[in-house]
Protein chains: 2
Amino acid sequence: MTQLNTVFQALGDATRRRMLRELSEGEKTVGELAAPFEMSLAAASKHIKVLERAGLIRREVRWRSRVCHLNPGPLASAQQWLKQYERFWTGRLDVLERLLREEDAAKTPDREGND
Amino acid sequence: MTQLNTVFQALGDATRRRMLRELSEGEKTVGELAAPFEMSLAAASKHIKVLERAGLIRREVRWRSRVCHLNPGPLASAQQWLKQYERFWTGRLDVLERLLREEDAAKTPDREGND
DNA sequence: GTTACATTCAACTTTATGGTTGAATCAGAA
DNA sequence: TTCTGATTCAACCATAAAGTTGAATGTAAC
């Protein structure tokens, strides 16, 4: 439902991540996208459909093939979501936050709804 | 296999993303994590296991409960992966890259292995 | 119109996911 | 030791995902 669900699910497969990387270097037809993988064309086509459903790529009918190209918007949303957590791995805010949390846990070991 | 697989898969579910957000505000027991959801404790426990398998959280046996806390490393890896694509949505590099790609496509419309 | 090519659809199998319930575990209090 | 509370395990169900094969579609070339 949430766009984030379909986007993260789509990214959770190495085949599809590889396809995105290929597309980051330029447009490719379905056949070209499928070529590096040892699976049937139908299987690759399904992966492409998953990427499309997640909004990560667009398919365009051109000459005799379908040409796919990257649509980066949803990747940006995913990164946006991860950005929330950046403070946990970058620099001193991390340490500061952890200290505050430990202090808090020490002060209120068994309560939950205090000011 | 790849850590990225399990991480992105884990993030592809709203329940688990919510759990991570809760943990970003401090440690929580399994019961506390499960409370906001209308599902059995066993189901929540499975979600927590998925997060743990992805390395996103650590479970520690303390007093009579299991206390969970965020382990941000894998989130950083995910963001790292997404960073590859940042140029597609930020600023002028985007436009520049697209121009180069179109130029390239126009020059070599039907070849694939040229220098 | 027929042939050939690129892609998708349909049907099917196997394995994974997300949920349920009830029993099992295991630490701490009585 | 027995009771209680917190969590997990086991077995099960329904649905989805990832792959296969073979037929169907649609456009280009002949």
Side-chain angles (χ1 to χ4, degrees), chain A residues 1-20 22-23 27-69 105 109-112, chain B residues 1-20 22-23 27-69 105 109-112:
Chain A
M1 278 286 93
T2 318
Q3 181 83 329
L4 277 179
N5 275 13
T6 56
V7 171
F8 279 128
Q9 280 164 22
L11 296 180
D13 181 287
T15 299
R16 293 191 288 261
R17 286 198 305 278
R18 169 99 183 264
M19 285 177 166
L20 287 178
E22 301 282 342
L23 289 178
E27 300 177 334
K28 290 225 167 14
T29 67
V30 170
E32 287 169 340
L33 270 181
F37 303 103
E38 287 178 355
M39 65 177 70
S40 67
L41 209 56
S45 182
K46 281 190 191 177
H47 279 298
I48 291 172
K49 194 176 294 176
V50 171
L51 290 170
E52 198 176 26
R53 212 186 48 196
L56 287 163
I57 72 172
R58 293 281 159 75
R59 226 178 319 195
E60 190 181 336
V61 183
R62 198 187 301 174
W63 35 299
R64 67 163 55 190
S65 307
R66 276 75 166 176
V67 176
C68 305
H69 61 97
D110 55 355
R111 289 146 70 204
E112 59 210 325
Chain B
M1 284 279 99
T2 319
Q3 180 83 330
L4 277 178
N5 274 13
T6 56
V7 172
F8 279 128
Q9 279 163 22
L11 296 181
D13 182 286
T15 299
R16 293 191 288 261
R17 286 199 304 278
R18 169 96 183 264
M19 284 177 165
L20 289 178
E22 301 282 341
L23 288 178
E27 299 176 335
K28 290 225 168 10
T29 66
V30 171
E32 287 168 341
L33 270 181
F37 303 102
E38 288 179 354
M39 65 177 71
S40 69
L41 210 57
S45 182
K46 281 191 190 175
H47 280 297
I48 292 171
K49 193 177 293 176
V50 171
L51 290 169
E52 196 175 28
R53 209 186 48 196
L56 288 163
I57 72 173
R58 293 281 160 73
R59 225 178 321 194
E60 190 181 335
V61 184
R62 197 186 304 173
W63 38 299
R64 67 162 57 191
S65 305
R66 275 75 164 178
V67 175
C68 305
H69 60 96
D110 55 354
R111 288 147 70 205
E112 61 210 324

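The figures here come from the full heavy-atom set of this structure, side chains too, leaving out hydrogens, waters and symmetry mates. By convention in this document, chain letters (A, B, ...) are assigned in the order of the sequence lines, proteins followed by strands, and residues within each chain are numbered from 1.
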How many Å lie between [atom1] on [X] and [atom2] on [N], as a whole number?
X      : N       : atom1 : atom2 : result
K28(B) : dT7(D)  : NZ    : C1'   : 18 Å
K46(A) : dC12(C) : NZ    : P     : 13 Å
L41(A) : dA18(D) : CG    : C1'   : 15 Å
D13(A) : dT15(C) : CG    : P     : 17 Å
E52(B) : dT8(D)  : CD    : P     : 8 Å
M39(B) : dT20(C) : CE    : P     : 7 Å
E32(A) : dC5(C)  : CD    : C1'   : 14 Å
E38(B) : dG18(C) : CD    : C1'   : 16 Å

Are side-chain heavy atoms of L20(A) and I57(A) found at a separation under 4.5 Å? yes

Does the side chain of T2(A) come within less than 4.5 Å of R17(B)'s, by heavy atoms? yes

Give the intermediate values and the outcome of side chain to side chain contact (heavy atoms under 4.5 Å, CB included) for residues E27(A) and E32(A). CA-CA 10 Å; E27(A) 300 177 334; E32(A) 287 169 340; over 6 Å; no

So OG1 of T15(A) and CE of M19(A): to nearest 0.5 Å the spacing works out to 6.5 Å

Taking for each residue the nucleotide of DNA chain C with the nearest heavy atom, is it Q9(A) or R59(A) whose nucleotide lies nearer the 5' end? R59(A)

I want to confirm an ordering. Mapping R66(A) and H47(A) to their closest nucleotides on DNA chain D, which one lands closer to the 5' end? H47(A)

Pick the closest DNA chain D nucleotide for V61(A) and for V50(A) by heavy atoms, then say which residue is nearer the 5' end. V50(A)

With respect to the side chain of K49(B), which nucleotide from dC9(D), dT20(C), dT7(C) is positioned closest? dC9(D)

Whether S40(A) contacts dT20(D) is assessed here as follows: a side-chain N or O lying under 4.0 Å from the phosphate OP1 or OP2. Is that the case? yes

Short side-chain N/O contact from S45(A) to OP1 or OP2 of dT7(C), under 4.0 Å: no

Are C68(B) and K28(B) close enough, and set up right, to give a side chain to side chain contact (heavy atoms under 4.5 Å, CB included), and what steps lead you there? CA-CA 5 Å; C68(B) 305; K28(B) 290 225 168 10; 5.6 Å; no

Hey, does T15(A) reach any base, or is it just sugar-phosphate, or nothing, if we go heavy atoms under 4.0 Å? nothing

